[in-house]
Amino acid sequence: KEKIIEYNNFKRIGIMGGTFDPIHIGHLVIAEEIRNEFKLDKIIFIPAGNPPHKDNKKITPAKHRYIMTLLATISNPYFEVSAIEVERKGVTYTIDTIKTLREICSNDVEIYFITGADSILELHTWKNVKELLKLCNFIAATRPGFEMINLKKKIQEMNDKYGANIYTTIVTALQISSTDIRTRIKEGRTVKYLLPEMVEKYIHKNNLYR
Ligand code: ATP
Ligand code: MG
């Protein structure tokens, strides 16, 4: 209930969805730069429960991913973490999360779903994409390895087909991925400065990705 009141005090909310396995500086930089550029009141990080597009056997238990997301965002007053997806049973879809948020928030609250370029290129495969695009705006951030021209093409296609509101923005290029971080840890290589120190400590303390 408190959260409901709180969310309604903000008129422009950014949603940062991800597996966050683990969360890294790339995620934090896009969230902060987009918050600033799009004048968003809050960014809510939502770690995925059982994402449909990832091999669930290989993903780290939601509890760890949720805690790492909390640790990474704790010092930014604009950042929050929601357990809405990790608490849901079964495969979690963004459409259900956004619908729940739309029910909680009053109609004048604008929701901006933040993604990297790679996710936007796959948006057409998401569940109920047409409805999803009606319920919220999207912001696509550039990501190293994904060409701006392809991103623009995709957005044009979605706009024509669904009348979507997808914005693009150029963010500081950081060639960091969770996959690369997991590989480095497995191989005993350094991950220092690629993710917040607290997250790195949490990973080592809990023996993750070994
Ligand atoms: P994995 O390698 O496991 O897929 P990831 O680094 O891609 O991990 P996700 O949790 O899959 O991280 O990403 C969540 C969101 O953040 C996605 O929309 C993704 O495009 C975006 N993102 C992640 N890393 C970056 C980055 N370095 N630059 C821009 N966007 C990013
Ligand atoms: Mg990814």
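All values reported here derive from a predicted model rather than from experimental measurement. Counting starts at 1 for both ligands and their atoms, in listed order. All values below were derived from every heavy atom in this structure, side-chain atoms included, with hydrogens, water molecules and symmetry-related copies excluded.
- Residue contacts with ligand 1 do not include Ile181, since none of its heavy atoms lies under 4.0 Å from the ligand.
- Atoms of ligand 1 found under 4.0 Å from any heavy atom of Gly18, numbered from 1 in the order shown, are 10 (O), 14 (C).
- A ring-centre distance under 6.0 Å is not found for Phe45 and His27.
- On a distance-only criterion, Met16 and ligand 1 share no N/O pair closer than 3.5 Å.
- Listed by number with element, the atoms of ligand 1 under 4.0 Å from a non-hydrogen atom of Ser177 are 2 (O), 6 (O).
- Taking the centre and axis of the six-membered ring of Tyr93, the NZ or CZ atom of Lys127 falls inside the cone set by 45° and 6.0 Å.
- The pair Lys201-Glu197 meets the salt-bridge criterion, with a side-chain N (NZ, NE, NH1 or NH2) lying under 4.0 Å from an Asp/Glu carboxylate O.
- There is a side-chain donor-acceptor pair under 3.5 Å between His124 and Lys154.
- With rounding to the nearest 0.5 Å, the separation of CD1 in Ile114 from CD in Glu33 is 11.5 Å.
- Considering Glu122, Arg143, Gln175, Arg182 only, the shortest heavy-atom separation from atom 19 (C) of ligand 1 involves Arg143.
- Counting only heavy atoms of the protein, atom 11 (O) of ligand 1 lies nearest to Lys54 NZ, 3.1 Å.
- On a distance-only criterion, Gly26 and ligand 1 share no N/O pair closer than 3.5 Å.
- In this structure, Arg12 does not pair ionically with Asp41, as no charged nitrogen and carboxylate oxygen lie closer than 4.0 Å.
- For the pair His27 and ligand 1, the shortest N or O to N or O distance falls below 3.5 Å.
- For the pair Ser178 and ligand 1, the shortest N or O to N or O distance falls below 3.5 Å.
- A donor-acceptor pair shorter than 3.5 Å can be found between the side chains of Tyr112 and Glu110.
- Where the criterion is an N or O separation shorter than 3.5 Å, residue side chain and backbone included, Ile176 meets it with respect to ligand 1.
- Some N or O of Leu174 is nearer than 3.5 Å to an N or O of ligand 1, by distance alone.
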